[in-house]
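Values reported hereafter were calculated over all heavy atoms of this structure, with side chains retained and with hydrogens, waters and symmetry mates removed.
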Amino acid sequence: MTADLSQHIAGLDALELSHRERRSVAARIWARTWPMFSAILLVLAIWEVVVLTGWRPEYVFPGPVTVLGELWNRLGEAEFYDAVAVTIRRAITGFAIAVLVGLVIGAAVSRVRPLRAAFGSLITGLQTMPSIAWFPLAILLFKLSESAILFVVVLGAAPSIANGLIAGVDYTPPILLRAGHILGLRRLALYRHVILPASLPSFLSGLKQGWAFAWRSLMAGELLVIIAHQTSIGEQLDNARELSDAPGLMAMMIVILVIGIVVDMCFGAADNALRRRWGLDQRVG
Amino acid sequence: MTAPTQELRPSRADGHEPAVRLDAVSKVYGRELLALDRVTLSVDRGEFVCLLGASGCGKSTMLNLVAGLDHATAGEIDTGAGRIAMMFQEPALFPWLTVSANIELALRVTSSAKSTTRRERRERAAELLEMVHLGGLGAKRPHELSGGMRQRVALARALAQDADVLLMDEPFGALDAMTRDLLHDELERIWRERELSVLFVTHNVREAVRLGDRVVLLSSRPGTVIEEYPITLPRPRRTDSGEVAGLASAITDRLRQEVLRHAQPAQRPGATGTGK
Ligand SMILES: Nc1ncnc2c1ncn2[C@@H]1O[C@H](COP(=O)(O)OP(=O)(O)O)[C@@H](O)[C@H]1O
Ligand SMILES: [Mg+2]
């Protein structure tokens, strides 16, 4: 009887276990990249056509060949790497502080009810505040220094990160909370074993949005707060404008765009990996 | 079979003190929605009680009260010193943990098992998975399993709590008939092996007759116990057998009467008008 039962069960299970096949790495990378490359080619073509129409003189609005050539030249210069290194260091420092601040504020606000009432909407309000509006105050407080830039980067990114965590805590599925309660998890243990892990996807999208704000604030900051004898991407951009070096200016803009896209793709990859692990990626139909 | 731990609980042997006792328990939601009205019910040690009623009659409310997920408005609930585990209609597994880790978490939290090492817990989890015929699937994620398999993992997790009382809230409601039948056999076997006391909620009359030592019928709005049917059919029973079907149809008739009572609200002057 029991052998019969377990055989029945084994039969049903074998029918029901999902066998999701995964394509090879090369195929997946190709499937992702070819639309991207086509889009880039299309944009370059449109750009070239606009230049050919003679809408603006070439020295103000150079074509893709000139700009990419200039970019290639810069890639061979040490100063370029110094500039990128400084900017990336600021981005990482600012973002790391923002994550720390966002985590602390998010955890406190999501757990303590009076804090929620007091600061919940303020945090959302801060998110809508254009970060460039903080700069006059930042410069008053910190002079023309890196601290002024970091101050604004943190203010730009931290609210999104805190909000991501708060939303994740709020939307923890009640059934999981009940399951945790039944298992005997209370207070901090419940927070640690159920609420925090459950809010991970939302926290991750908060991080992603926070990064976008941080990167924008950083670029604004580097254009506004030029520190003497210190190069940076923003400083190079400003420099190129002063010298009316249109190809150099556009080359640096491409660099900014590419860094932004690459980091965004990293967050996207992390998000996808999480969804796959949790089984949140099962599409309808 | 008499484990030394049983000597620590003499009350279990005398069979007099029930595993769960509800004494005139009422539950009011908000201001006036009387979900349960003076429910008195007990589940003996080792007994399998099925709680049957139309949907919305307060079955889940009752289990939540017993589980301590919510507080009764009036009355008393006594679960003694026994540990309580619960299964829901959804498996409610943690998607960020593997199947095995879900069970290990339960083992870790359960106080008597606190001193165990990680490795012991892993081995124990593997045994429990074996018990629900899921041996070797511990490394999978919950979403990789079918609904029936997930529900068995949930059962294994509940068993990991080493509870005396198992509360089940329509645990097989979302499964197809064939899987459900198999899980009935499975549950019956484990209930016997472990000498569990089970309070099993369902709105499926045949399921109640198939599993229960006793079927308790609840009325709707407010929920009260209106009838109790001891089921003395020999085990194992089959859901599609004639005896089960015969008893089930008698109980279904009684349940229909109860539902019909609500089709004529004019007959109940005292009824609260909330059509929620
Ligand atoms: N948290 C709640 N707040 C207000 N009303 C509730 C709540 N939970 C259940 N109810 C109401 O109590 C009644 C019984 O619900 P429930 O116990 O879920 O019924 P069942 O499980 O038998 O279907 C229903 O009318 C339902 O609308
Ligand atoms: Mg229910």
side-chain hydrogen bond (donor to acceptor under 3.5 Å, both in side chains) partners of N272(A), counting only residues at least two apart: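 Listed in chain order: nothing, the list is empty.
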Is chain A contacted by the side chain of [X], its backbone, both, or neither, given a heavy-atom distance below 4.5 Å?
| X | answer |
| --- | --- |
| T179(B) | both |
| L183(B) | neither |
| M149(B) | side chain |
| A85(B) | backbone |
| D176(B) | side chain |
| I84(B) | backbone |

Interatomic distance, R276(A) atom CZ to H143(B) atom NE2 [nearest 0.5 angstrom]: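 R276(A) atom CZ to H143(B) atom NE2 measures 9.5 Å (nearest 0.5 Å).
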Heavy-atom pair count under 4.5 Å with chain A, highest-scoring of P142(B), G147(B), A92(B), A160(B):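 When all of P142(B), G147(B), A92(B), A160(B) are compared, A92(B) has the most.
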For [range], give me every residue with a non-hydrogen atom less than 4.5 Å from any non-hydrogen atom of chain B.
| range | value |
| --- | --- |
| residues 153-171 of chain A | none |
| residues 197-217 of chain A | P197(A), A198(A) |
| residues 175-191 of chain A | I175(A), L176(A), R178(A), A179(A), G180(A), H181(A), I182(A), L183(A), G184(A), L185(A) |

Tell me whether [X] at atom [atom1] has more than 12 heavy atoms from other residues, nucleotides or ligands lying less than 6.0 Å away.
| X | atom1 | answer |
| --- | --- | --- |
| R277(A) | CZ | no |
| E123(B) | CD | yes |
| F119(A) | CZ | no |
| R238(B) | CZ | no |
| M178(B) | CE | no |
| H184(B) | NE2 | yes |

